[in-house]
Amino acid sequence: MTSRPRILDLFSCAGGAAMGYHRAGFAVDGCDIAARPRYPFAYHRGDALEYLAHLITTGAIERYDLAHASPPCQAGCGLTVGTNRSQGWGRTHTDLVAPTRELLDASGLPYVIEQPNGQAVIRKDLTLCGEMFDLGVLRHRNFELGRWNTAKPTHPRHRGYVRGHRHGIRREGPYVAAYGKGGGKATVPEMQHAMGITWTDDRTELTEAIPPAYTHWIGTAFLTARQEVLA
């Protein structure tokens, strides 16, 4: 029996990205600084960058075929930046994208760095959207690919609005807003259904989650690209 390729899932949250890679054929090891009792795969609790550095130093990184990282995005997320500016809050957040990339480059692994739309400085090698996968959320996410590449999928036209209040106007639409509360935002069951996530019902985890369909697509693309190189 052929063993599964193995992926290191850094800043793993509750496992939205992990589940997609699992469905693509990977064995998954997660790492997050918070307790994640709902994470559905092998899990290390700790600082993701310290853990990655440890794996590199000890050589244990060699057990992996790919790394995925979703470093905290509040410093560059368009939603957070815009809200802070409009409210005059002036909050600051740590940007971990650059040090994450530096360590991933040092690891020698092919990798994926994920960030939402906003000011985070990453290459947008891929931009994925829920409409590409017939999901009930739009949830645009950008992905930088290190040491591998794949063709960008076509971004289809959105079918309508995201349901809820925006700028004083209530709209209906085929998508739900999977963040916040009130104003027509999605309920927890609606978030779960819209993103295809069943193993957690924690609102905060769902708000931060990547729909597994995104990384199922990415994981499949990576394995296809690797097979083409080996052929």
Side-chain angles (χ1 to χ4, degrees), residues 7 9-28 30 32 34-43 68-74 77-80 82-83 112 114-118 126-143 152-167 169-222:
I7 186 167
D9 178 26
L10 299 166
F11 309 98
S12 60
C13 194
M19 184 60 74
Y21 286 117
H22 168 75
R23 291 171 181 170
F26 286 84
V28 184
D32 197 278
R36 300 293 184 187
R38 301 170 186 84
Y39 191 80
F41 306 107
Y43 177 77
H68 175 102
S70 295
C73 60
Q74 291 91 341
C77 173
L79 180 63
T80 302
T83 299
V112 179
E114 174 270 332
Q115 289 286 278
N117 281 339
L126 294 173
T127 297
L128 300 183
C129 163
E131 180 61 21
M132 296 174 176
F133 307 101
D134 297 320
L135 299 181
V137 291
L138 290 178
R139 188 145 290 193
H140 295 93
R141 289 295 184 268
N142 302 307
F143 300 86
K152 293 183 179 182
T154 301
H155 191 157
R157 183 176 180 178
H158 299 164
R159 290 173 286 128
Y161 293 106
V162 176
R163 186 195 75 198
H165 291 280
R166 187 169 178 81
H167 305 303
I169 299 173
R170 166 80 186 202
R171 290 190 171 98
E172 298 300 328
Y175 316 106
V176 296
Y179 58 87
K181 297 181 181 179
K185 302 290 195 306
T187 64
V188 165
E190 285 175 328
M191 288 185 188
Q192 291 175 309
H193 178 72
M195 291 190 286
I197 294 175
T198 59
W199 60 91
T200 179
D201 58 1
D202 182 277
R203 177 178 286 273
T204 299
E205 290 182 341
L206 289 166
T207 295
E208 297 175 352
I210 304 171
Y214 293 13
T215 47
H216 188 175
W217 189 94
I218 292 171
T220 300
F222 172 79

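This structure is a prediction, so every number in the text was calculated from the model and none was measured.
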#### Entry: Short side-chain to backbone donor-acceptor contact, Tyr43 and Asp32, under 3.5 Å
yes

### Query
Checking Arg203 side chain against Gly180 main chain: does a donor-acceptor pair fall under 3.5 Å?
yes

### Task
Kindly indicate, with the supporting measurements, whether the criterion side-chain contact (heavy atoms from CB on, under 4.5 Å) is fulfilled by Tyr21 and Asp9.
CA-CA 9 Å; Tyr21 286 117; Asp9 178 26; 5.7 Å; no

### Nearest-0.5 Å distance, CD of residue Gln192 to OG1 of residue Thr200
7.5 Å

#### Entry: Audit row: Arg38, Ile197, side-chain contact (heavy atoms from CB on, under 4.5 Å) steps and yes/no
CA-CA 11 Å; Arg38 301 170 186 84; Ile197 294 175; over 6 Å; no

### Message
Distance check, rounded to the nearest 0.5 Å: His140 atom NE2 versus Tyr214 atom OH?
### Response
7.0 Å

### Message
Has Tyr179 got a side-chain atom pairing as donor or acceptor with Lys185's backbone, closer than 3.5 angstrom?
### Response
no

### Task
Measure from the side-chain N and O atoms of Trp199 to the backbone N and O of Ala14, and report whether any donor-acceptor pair falls under 3.5 Å.
yes

### Query
How about Thr220 and Arg23: do any of their side-chain heavy atoms sit closer than 4.5 Å?
no

### Query
How long is the gap from CG on Leu206 to CG on Asp201, to the nearest 0.5 Å?
7.5 Å

### Task
Hey, could you give me each pair passing salt bridge (charged side-chain N to carboxylate O under 4.0 Å, His left out) that has a residue in residues 189-200? Not counting sequence neighbours.
Arg163-Glu190

### Query
Taking everything shown except Phe133 itself, do over 12 heavy atoms lie less than 6.0 Å from its CZ?
yes

### Message
Over 60° means perpendicular and under 30° means parallel, so tell me whether Tyr39 and Phe41 are parallel, tilted or perpendicular.
### Response
perpendicular

### Task
Might you work through the side-chain contact (heavy atoms from CB on, under 4.5 Å) test for Val112 and Thr215, ending with a clear yes or no?
CA-CA 10 Å; Val112 179; Thr215 47; over 6 Å; no

### Task
Write out all pairs satisfying salt bridge (charged side-chain N to carboxylate O under 4.0 Å, His left out) with one or both partners inside residues 131-142, taking only residues at least two apart or from two chains.
Glu114-Arg141, Glu131-Arg159

### Check against side-chain contact (heavy atoms from CB on, under 4.5 Å), Phe222 and Ile7
CA-CA 11 Å; Phe222 172 79; Ile7 186 167; over 6 Å; no

### Message
Are Gln115 and Pro71 packed together at the side-chain level, in the sense that at least one heavy-atom pair is separated by less than 4.5 angstrom?
### Response
yes

